There are 2 protein chains.
Amino acid sequence: MTKLLGNLARTLRPSRISGGNKRMNTWQSVRAEVLERIRSREWAPGELIPTEEQLSQQLGCARATVNRALRELAESGIIERRRKVGTRVASTAARKATLEMPAIRDEIEAMGATYSYSLMLFEERMPSEKAMRALQVDANEKLILVKARYLADGQPHCCESIWLNPQSLPVPTRAVLEKLPAHEWLASQVPLTHGRYAILAEAASEPCAEHLGVAEGTPVLSIERTNWVDATPVSFARQFYRPQHRLVSEE
Amino acid sequence: MTKLLGNLARTLRPSRISGGNKRMNTWQSVRAEVLERIRSREWAPGELIPTEEQLSQQLGCARATVNRALRELAESGIIERRRKVGTRVASTAARKATLEMPAIRDEIEAMGATYSYSLMLFEERMPSEKAMRALQVDANEKLILVKARYLADGQPHCCESIWLNPQSLPVPTRAVLEKLPAHEWLASQVPLTHGRYAILAEAASEPCAEHLGVAEGTPVLSIERTNWVDATPVSFARQFYRPQHRLVSEE
DNA sequence: TAGTGGTCTAGACCACTCC
DNA sequence: GAGTGGTCTAGACCACTAT
């Protein structure tokens with residue numbers, strides 16, 4: 001019975017359109033409509049747009065549907081939402097893009113190449129400046145430094161150095177990291193909750209150039225990554241890629 | 001009355017816990033629980049996990065709540081979902097990171113610097129190889145090439161070249177682009193639906209080095225961006241940043 | 001055809017924050 | 001205190017796809 005009523009309501013709806021309001025039943029269509037109103041400047045940057053309740057009435061759909069559409073737009077940075085205040089068109093044209101950060105093993109295998117990995121260095125050491133800041137430790141706290149290299153079909157693909165904080169982690173043995181990249185070992189040991197990346201271009205330092213098989217000073221793409229478990233940073237990695245390498249991203 | 005019943009149900013729920021099942025009322029707690037089961041290998045990579053219906057019963061919440069949690073996890077690449085098949089733990093450890101791509105004006109102003117912009121070149125031209133591929137045009141179709149430079153406190157910050165396809169766009173005048181960066185003009189003219197980025201490290205070419213005020217061959221961070229309106233690529237841009245520049249990203 | 005995820009709805013309560 | 005977004009729920013239908 002309720003099912004029948006649901007059906008009835010659904011089929012009747014298109015004919016209930018009145019007052020020139022479009023019926024937008026899906027969250028995608030609501031999102032499209034909102035985007036169009038922003039593009040056309042009907043809602044200008046910095047301006048408040050109607051509340052979810054008002055929009056759901058205007059567009060003839062449930063508030064949850066409007067909420068879904070607006071949430072997606074807020075996640076892409078197109079609008080900004082605050083309780084009690086309302087929803088504003090973002091004044092900046094900032095957009096957010098999504099980057100795939102695959103494990104390097106997958107990256108290499110996706111190219112159709114044969115993956116291999118080798119541990120270059122494993123030792124306790126006082127932190128570098130960058131590692132100190134990233135892991136929030138003192139200069140006299142010893143950390144574990146791991147350097148490794150990834151090869152695709154025997155050719156250098158990427159080299160990395162990782163600092164691990166033994167205060168906040170189980171301590172790996174050298175033997176373990178000879179088999180398994182530190183990132184993969186890390187992910188199997190602790191529940192990583194959050195990461196921060198920085199992407200930059202650098203000139204290859206002498207050891208980095210040697211590991212990658214390029215000339216010193218060659219432009220390399222560098223990714224710095226800090227992993228967190230809740231409020232504690234547990235690892236800081238720097239990865240260097242050969243110049244041909246591209247990070248691709250969708251928006 | 002219904003309100004009271006709702007209240008009652010809510011307050012009673014915690015005491016209805018039975019069979020050792022935890023009550024996970026929020027989508028965040030469902031997500032945390034799923035992540036924990038994945039980390040602990042209770043659900044191994046590549047394996048199917050229970051259906052939404054089963055999970056909602058196990059965890060004592062609505063299917064929509066489970067759906068929300070699993071949708072978020074699928075968006076971050078932790079799990080993979082297919083209708084009729086079910087939900088699998090992703091076998092790759094790939095993660096997705098979110099990059100802020102602000103308008104360069106905002107980027108510069110966020111540094112507390114004074115923004116300025118200057119148009120360096122505006123002309124019709126046959127496409128370059130890269131532009132041809134990106135905009136899906138023939139070698140003999142003329143495009144508009146725009147080169148420009150952004151300054152922070154009078155110092156070069158970024159330079160860019162943009163190819164526009166006049167077949168699929170209104171055509172800007174030189175005067176317009178002397179005032180307004182091509183990206184901002186573009187966004188005000190057409191509803192951009194989708195973008196693709198590539199991020200790479202390059203050695204500065206001679207003109208690029210000159211625009212950025214660095215030595216030729218210096219490593220520069222390069223962002224290539226193609227903008228789409230539905231299925232049509234309308235612009236292809238290459239931006240070059242000085243070596244200090246970092247793209248930062250959260251996961 | 002049947003099973004699974006994807007979505008919509010109406011109603012309700014909660015959480016935050018401005019006044 | 002009141003207004004707004006954030007979320008949960010129960011039920012329903014739709015869309016896709018393996019079989």
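Chain letters run A, B, ... following the sequence lines, proteins first, then strands; residues in each count from 1. The shown structure was predicted, so the numbers you read here are calculated from the model rather than taken from an experiment.
- Comparing B:Ile49 and B:Ala64 by the nucleotide of DNA chain C whose heavy atom lies nearest to each, the residue mapping closer to the 5' end is B:Ile49.
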For nucleotides 1-3 of chain C, print each protein N/O atom paired with a nucleotide N/O atom at under 3.5 Å, atom names and distance only.
unit_1 : atom_1 : unit_2  : atom_2 : d
C:dG3  : O4'    : B:Lys84 : NZ     : 3.4

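- The nucleotide whose nearest atom lies closest to any side-chain atom of B:Asn25 is, among D:dG5, D:dC8, D:dT7, D:dC8.
- At a threshold of 4.0 Å, the pair A:Arg196-A:Glu224 does not count as salt-bridged, since none of the basic side-chain nitrogens sits closer than that to a carboxylate oxygen.
- The side chain of A:Arg81 approaches D:dG5 more closely than any other nucleotide in the set C:dA10, D:dG5, D:dC8.
- Between A:Arg82 and A:Arg63, it is A:Arg63 whose nearest contact on DNA chain C lies nearer the 5' terminus.
- Within the nucleic acid shown, A:Glu80 has no heavy atom closer than 4.0 Å to any nucleic acid atom.
- Computed from C1' positions of five pairs at each end, the angle between the two local axes of the helix from C:dT1-D:dA18 to C:dC18-D:dG1 equals 20°, rounded to 10 degrees.
- Here the side chain of B:Arg88 pairs a donor or acceptor atom with the backbone of B:Gly46 at under 3.5 angstrom.
- Not counting sequence neighbours, the partners of A:Arg133 by the side chain to side chain contact (heavy atoms under 4.5 Å, CB included) test are A:Glu129, A:Lys130.
- Residues B:Tyr150 and B:Glu160 have side chains that bring a donor and an acceptor to within less than 3.5 angstrom of each other.
- Among the atoms of the strands shown, none is found under 4.0 Å from any heavy atom of B:Gln54.
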